[in-house]
Amino acid sequence: MQVTLPDGKVLELQAGATGRDAAAAIGPGLAKAALAVKQRGEIRDLSATLIPGETLEIVTDRSGQDALDLIRHDAAHVYAAAMLELYPGVKISIGPPVENGFYYDVELPEGTSLTQADFERIEQQMKQHIQADEPFVREDVPVAEARERYLAEGQDYKVELIDDLVATQGIDTVSLYTNGPFTDLCRGPHAPSTKRIKAFKLQSVAGAYWRGDASRTMLTRVYGTAFFSQDALAEHLERLEQAKARDHRRLGPQLGLFTFSDVAQGSAFWLPRGTTIFNELVKLSREMGGPRGYQEVKTPQLYDSELWKTSGHWGKYRENMFLTETEGAEMGIKPMNCPGHAHLFKSQQWSYRDLPVRYSEPGLLHRNELSGALHGLLRVRHFTQDDAHVFCTEEQIEDEVAAALEFAFATYAVFGFAAIEAKLSTRPENRLGSDELWDRAEGALAAALDRHGIAYTVNAGDGVFYGPKIDLHYADSLGRSWQLGTVQLDYSMPERFALSYIGADNAEHRPVMIHRALMGSYERFIGILIEDTAGELPLWLSPVQAIVLPIADRHAEAARAVVEQLRAAGLRAEADERTESVGRKIRDAELRKVPYMLVVGDRESEDGTVAVRRHRGGDEGTEAVADCARRLSADVTARVR
RNA sequence: GCCGGAGUAGCUCAGCUGGUAGAGCAACGGUUUUGUAAACCGUAGGUCAGGGGUUCGAGCCCCCUCUCCGGCUCCA
């Protein structure tokens, strides 16, 4: 048979040759390094028979994510083997590789639990299996045989998996992989043997529902990771430490931006400095929205349940709402702005000439999130969306969706967020409206994306109950992905509120609603900004843009004069008049991540200058106060990053 | 909400097999008048998350509640 190598060379092999044969034919070095093969985009075992006529890629430890997935999957199996030895009676379920490692879910024997303290013992056990260099041996067996085997072993989850495979895929054989004493039901592929795992670590333990279903057993999940070298592992752990140091829940209070309290679970208390950032973002949204035809409105927080029944939230979203009552009337605090905006739209008569109408509102929302889901500013019960609703005709949908996307990308550009990924989320199970409406809505969003050449992936079933949506995600400076904005198309709400406009034909027509939030929520956006920048915000967002540092007490007055000038130029400036050394004042300003430190001593106070120092920089020399004020002010206006 | 872990001074953390609560930083007072990442000395600061229990005695052991952390589920 023949296979084509990535460099175009054609390799001649015996019929029925395996990946191992191919690697050996190419060279002894590669034979030793080979982990698996890749054909037709699929990774397969080295021992698998090659597909003739296809291109062949030998996967080695240099093959990036493919290779890491392999040994992480291997490590998961080794973990399961160790668990079976250390915890007799443990029931194993599944253990796949994931983005940065692997996990394995097991049901521990009655009365046992697992903590991080147990990791060392398990890791030792795993090491023995790795040292022993146990091969991964694949075996394809009839379903009945595999089922019987796991039934006999009391491995109920494996039995369920097999039954499920039969029911959904109608298969009659399954593959088993054996490493050392352990045989797992597994699709594979695996590396040839356990010793290919050069470095691994168990990281955390958590609960996870069997098959992600909250009504089923809670299993014990252990997350771990594996690499091809101790250095790579150390580097990965180092990155995690860095992420920890950037944690907005730590930096926020440290920088005096916000705090949390038990008395308002899931709600931030914004300190003056944090509020400054918040307000700057609102200002940006207004500045950009005005020219794009957005008009700001204000709608109530609390509505009679009648409104929620009309909007459908009463049926589909009530468990997420905070409810109250007054004088016998049931009331709900708004979790979304859309019903209020729809109601507002309805308060007057519209001509087709008026559309699109674009209502924006930095709307304060409350959602009753599960306590366990709360997470700093990223998941709160009380937040503010940079929300807007566009009411338009069906013909205007594509343009309006495209305009919303343009607005979104323009907004992200201000922060230098370039790596944006779009996801189209389609109809969920829990939804309003007919399938025909959903077809139209999903089609319109896809058309807008296509027309503007925006690449996207489909997130099936992830839409909102009233319509499909486009979510925009950003991968930050550490490669972590965050959801920012969302653009959602909605035929249902206009229907339910019986919204209308008079068309050119003098007849009543139903408008369409586009929901959109670009930063998402100001709370979450600030959380993301802090993590992305490690708290080193750009000048225009910094709560204190410049701090003036008098060298000795006798320079305090000159420092105050500098502050006055900076403030007159519209800058947020303050003076550090404490009786402390300059070194100390600089250190404190550095820790506060103030972008500019302006030192004033004898020389500067005499000739009206300041000695400029930038955050994390050194002495940049002196500059006339007026020049400095003008320069910084220009940078702020231009929102220089 | 569910599983697991944690909660000690404003912050970061010590506190042995149960025997009178500790450090550094911050705060406050004083001295120092400082030239680019921490001057020096001193003072004060705690219902050990809250409640119940075991014990002669509980920060430590047991139970309940709350909050936080890591996940699951969910999501802006």
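Each chain gets a letter, A, B and so on, in the order its sequence line appears, and its residues count up from 1. Just the heavy atoms: all of them, side chains too, but no hydrogens, waters or symmetry mates, feed the values below.
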What residues form a side-chain contact (heavy atoms from CB on, under 4.5 Å) with Met218(A), not counting sequence neighbours?
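Listed in chain order: Tyr209(A).
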Considering only the [atom1] atoms, how many Å lie between [N] and [M], rounded to the nearest integer?
N      : M      : atom1 : result
A58(B) : G45(B) : C1'   : 24 Å
U47(B) : C41(B) : C1'   : 33 Å
G7(B)  : C75(B) : C1'   : 28 Å
C16(B) : A21(B) : C1'   : 15 Å
A49(B) : G35(B) : P     : 45 Å
G53(B) : G18(B) : C1'   : 15 Å
G29(B) : U17(B) : C1'   : 44 Å
A27(B) : C63(B) : C1'   : 39 Å

Base A38(B) paired with Arg584(A) side chain (donor-acceptor, <3.5 Å)
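By the distance-only test, no, there is no pair.
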By nearest atom, which of the nucleotides G1(B), U36(B), C3(B) is closest to the Met218(A) side chain?
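It is C3(B).
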The side chain of Gln483(A) is closest to which nucleotide in this list: G71(B), A76(B), U67(B)?
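Nearest to the side-chain atoms of Gln483(A), counting from C-beta on, is A76(B).
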Under 6.0 Å between ring centres: does that hold for Phe200(A) and Phe102(A)?
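Not under 6.0 Å, so no.
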His313(A)/Phe465(A) aromatic ring centres below 6.0 Å
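Yes - the distance between ring centres of His313(A) and Phe465(A) falls below the 6.0 Å cut-off.
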Below 4.0 Å: OP1/OP2 of [N] and any side-chain N or O of [X]:
X         : N      : result
Arg613(A) : A37(B) : yes
Arg578(A) : U32(B) : no
Thr115(A) : G4(B)  : no
Gln385(A) : A76(B) : no
Lys585(A) : A38(B) : no

Atom-pair distance ([atom1] on [X]; [atom2] on [N]), nearest Å:
X         : N      : atom1 : atom2 : answer
His615(A) : U36(B) : NE2   : P     : 19 Å
Leu108(A) : G5(B)  : CG    : P     : 11 Å
Glu557(A) : U33(B) : CD    : P     : 20 Å
Phe525(A) : C75(B) : CZ    : C1'   : 18 Å
Glu241(A) : G70(B) : CD    : P     : 13 Å

Flag, side chain of Arg613(A) to backbone of Gly617(A), donor-acceptor distance under 3.5 Å:
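Yes; judged by distance alone, with no hydrogens or angles, the pair exists.
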Between Asp262(A) and Ser581(A), just flag the one whose closest nucleotide in RNA chain B comes earlier from the 5' side.
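Per heavy-atom nearest nucleotide, the more 5' residue is Ser581(A).
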If you find the nucleotide of RNA chain B closest to Asp462(A) and the one closest to Gly583(A), which residue's nucleotide is nearer the 5' end?
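Upstream on the strand: Gly583(A).
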Check the side chains of [Y] and [X] for a donor-acceptor pair under 3.5 angstrom, ignoring hydrogens and angles.
X         : Y         : result
Ser93(A)  : Glu107(A) : no
Lys423(A) : Asn459(A) : no
Asp105(A) : Trp210(A) : no
Gln488(A) : Tyr466(A) : yes
His555(A) : Asp602(A) : yes

Between which residue ranges does RNA chain B form stems of three or more consecutive Watson-Crick or G-U wobble pairs, both distances under 3.5 Å?
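When the pairs of RNA chain B are grouped into runs of at least three, the stems are B:1-7 with B:66-72, B:10-13 with B:22-25, B:27-31 with B:39-43, B:49-53 with B:61-65.
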Ring centres within less than 5.5 Å and planes less than 30° apart: is that true of Phe383(A) and A76(B) in this structure?
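Stacked: centres under 5.5 Å apart, planes under 30°.
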